[in-house]
Amino acid sequence: MTILVFLEHHEGELQKDSLSVLGKALQLGGDVDALIAGSGVEGLAVQAGKYGAKKVYVADDPALEKPLPQPRVDVLAKLIPEQGIDTVLFAATVLTADVAAGLAARLDAGLNWDLVDLADQDGKLVGKRPALGDTVYVDVGWTGEPRLALFRTGAFDPVESPAEPEVQKIETQLEDFSTQAKMIEQAHEESEGPSIEDADVIVAGGRGLGGPENFALVEDLAKALGGAVAATRAVVDAGWYPYSTQVGQTGKTVTPRLYIAVGISGAIQHKVGMQGSNVIVAINKDPNAPIFEYADLGVVGDLHEIVPKLTELVRQRAA
Ligand SMILES: Cc1cc2nc3c(=O)[nH]c(=O)nc-3n(C[C@H](O)[C@H](O)[C@H](O)COP(=O)(O)OP(=O)(O)OC[C@H]3O[C@@H](n4cnc5c(N)ncnc54)[C@H](O)[C@@H]3O)c2cc1C
């Protein structure tokens, strides 16, 4: 097995999830190489070495400066047959999802996405991915090579295992059609108030809010308490709130003094990200919601009635 891990980077750092996928690949055994593509990225090979990469291909070219997928597909589509690579692993991001899909189309290869694990079962690679609204896990495989796989954010933790990587620079040869897309603008999300990692108080909203417009209820309460807003996966997957606010197994782990869960059922995958909070308050209309099993204080009722009153009370007290 010859595995290649595509290492994504941001602002001079290799992305944590890519390094986690590298760690997973190393556990599987066989030859594991890494690829870093970008402009001014040669120095990043040392970081990859810290996480066990023994051979790092570096495509360092101004043509790869912008986070556009097709030039990266060009690099991979040339490297894979040249080096006899049979498996390519990506940590899922907006860019890598495009790269992996483009590569699958270019090489007529099979792509499994949203994986949370990968194992070698009697010489056969088998991926694990959640299905049916994350209620079950299914095993997935490939019928041909190269096998392409995208892993869910936070599926593993990176493991440091220092190695002195052999760095092999590779030339970038772009297809004409790959230079047609131009990046017009790149913007960073600006947020007010503390981040959820730093906040003493977090007010988190779940699907019980009923729609993105009702996040205003959660935002108002967070503002009154000087806290930050978080969300469940159900909500960020529905596009109601940014992914950066997701708490849980595949989101962030938070440990505020106070965590107020609004319209959140309290699934185990959410619990693991917030159970270290000092005080957990839950507002839910279902008295049997699992969150009440581990909340310190529970309010059974309609959040649309309770939250505005609570916000008003906090504002009065603060005044
Ligand atoms: C591998 C894997 C990883 C996952 N990772 C995460 C993760 O990182 N974070 C995460 O959050 N989830 C994660 N999940 C998903 C998780 O299993 C749940 O599906 C999700 O947390 C549910 O989100 P929710 O509580 O917002 O929605 P729901 O489970 O739909 O709960 C909504 C709640 O709102 C209540 N409600 C409805 N209307 C009202 C109202 N008017 N007033 C008061 N209460 C109301 C309901 O009673 C219900 O309890 C993961 C799942 C898998 C399989």
Side-chain angles (χ1 to χ4, degrees), residues 16-17 20-21 24 91-93 112-119 127-140 149-157 196-197 202-221 228-256 259-277 280-295 297-311:
K16 186 177 153 218
D17 280 324
S20 315
V21 170
K24 180 81 226 175
T93 65
N112 276 306
W113 69 99
D114 211 19
L115 298 191
V116 292
D117 205 359
L118 183 65
K128 182 185 266 194
R129 70 181 293 258
L132 299 176
D134 285 352
T135 53
V136 293
Y137 287 112
V138 292
D139 286 347
V140 291
L150 271 165
F151 288 87
R152 236 188 215 196
T153 307
F156 323 106
D157 285 324
I196 59 169
E197 291 97 329
I202 291 179
V203 185
R207 191 149 45 190
L209 283 166
E213 65 285 357
N214 292 329
F215 254 90
L217 294 171
V218 170
E219 287 170 342
D220 286 350
L221 180 56
V229 176
T232 63
R233 173 145 176 202
V235 156
V236 301
D237 277 351
W240 294 2
Y241 226 63
Y243 271 103
S244 56
T245 61
Q246 184 190 322
V247 167
Q249 183 187 326
T250 44
K252 290 176 179 159
T253 300
V254 294
T255 50
Y259 190 95
I260 305 182
V262 180
I264 292 177
S265 59
I268 178 72
Q269 296 88 356
H270 186 76
K271 182 184 175 190
V272 294
M274 45 70 89
Q275 62 192 350
S277 309
I280 298 172
V281 177
I283 302 169
N284 197 307
K285 69 176 184 185
D286 175 6
N288 297 316
I291 193 139
F292 289 128
E293 287 165 21
Y294 55 94
L297 290 166
V299 186
V300 178
D302 186 347
L303 65 90
H304 297 279
E305 283 173 30
I306 295 160
V307 177
K309 283 185 189 153
L310 184 57
T311 305

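Numbering of ligands and ligand atoms starts at 1, following listing order.
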With atoms numbered from 1 as shown, which atoms in ligand 1 lie under 4.0 angstrom from a non-hydrogen atom of [X]?
{"X": "Gly251", "value": "8 (O)"}
{"X": "His304", "value": "41 (N)"}
{"X": "Gln246", "value": "6 (C), 7 (C), 8 (O), 9 (N)"}
{"X": "Gly248", "value": "7 (C), 8 (O), 9 (N)"}
{"X": "Asp302", "value": "40 (C), 41 (N), 42 (N)"}
{"X": "Asp286", "value": "47 (O)"}
{"X": "Gly301", "value": "42 (N), 43 (C)"}
{"X": "Gly263", "value": "32 (C), 33 (C), 34 (O), 44 (N)"}

Open item on the list: Please enumerate all residues that pass side chain to side chain donor-acceptor pair (under 3.5 Å) together with Tyr294, with sequence neighbours excluded.
Closed with: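 Once residues adjacent in sequence are excluded, Tyr294 has no partner under the side chain to side chain donor-acceptor pair (under 3.5 Å) criterion.
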
TODO: Quick one: list whatever passes side chain to side chain donor-acceptor pair (under 3.5 Å) with Glu197, sequence neighbours left out.
DONE: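 Once residues adjacent in sequence are excluded, the partners of Glu197 under the side chain to side chain donor-acceptor pair (under 3.5 Å) criterion are Ser195, Lys252.
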
- [ ] Taking all heavy atoms of Ser20 and all of Asp157, pick out the closest pair and write down the distance.
- [x] OG-C, 3.7 Å

- [ ] Identify which one of Asp139, Val138, Leu150 satisfies the side-chain contact (heavy atoms from CB on, under 4.5 Å) criterion when paired with Arg129.
- [x]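 Of the listed options, the one satisfying the test is Val138.
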
Task: Shortest heavy-atom approach to atom 18 (C) of ligand 1 - which of Ala234, Ala267, Gly206 - done: Ala267

TODO: From atom 31 (O) of ligand 1, work out which of Ser265, Gly273, Ala230 has a heavy atom at the shortest distance.
DONE: Ser265

- [ ] Flag the pair Lys24 and Asp117 as a salt bridge only when some basic side-chain nitrogen lies within less than 4.0 angstrom of an acidic carboxylate oxygen.
- [x]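 Looking at Lys24 and Asp117, the cut-off is met.
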
Task: Mode of Val247 contact toward ligand 1 - side chain, backbone, both, neither (heavy atoms, under 4.0 Å) - done: backbone

Task: Contact with ligand 1 for Ala231, non-hydrogen, under 4.0 angstrom - done: no

- [ ] First locate atom NZ of Lys271, then atom CD1 of Ile291, and finally report the distance between them rounded to the nearest 0.5 Å.
- [x]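 The NZ atom of Lys271 sits 10.0 Å away from the CD1 atom of Ile291.
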
Task: Greater than 12 external heavy atoms within 6.0 Å of Trp113's CH2 - done: no

- [ ] Please indicate whether any nitrogen or oxygen in Val235 is less than 3.5 Å from any nitrogen or oxygen in ligand 1.
- [x] no

Open item on the list: Please report whether ligand 1 has a polar contact with Tyr137, defined as an N or O pair separated by less than 3.5 Å (distance criterion only).
Closed with: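 The answer is no, given that Tyr137 and ligand 1 share no N or O pair closer than 3.5 Å.
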
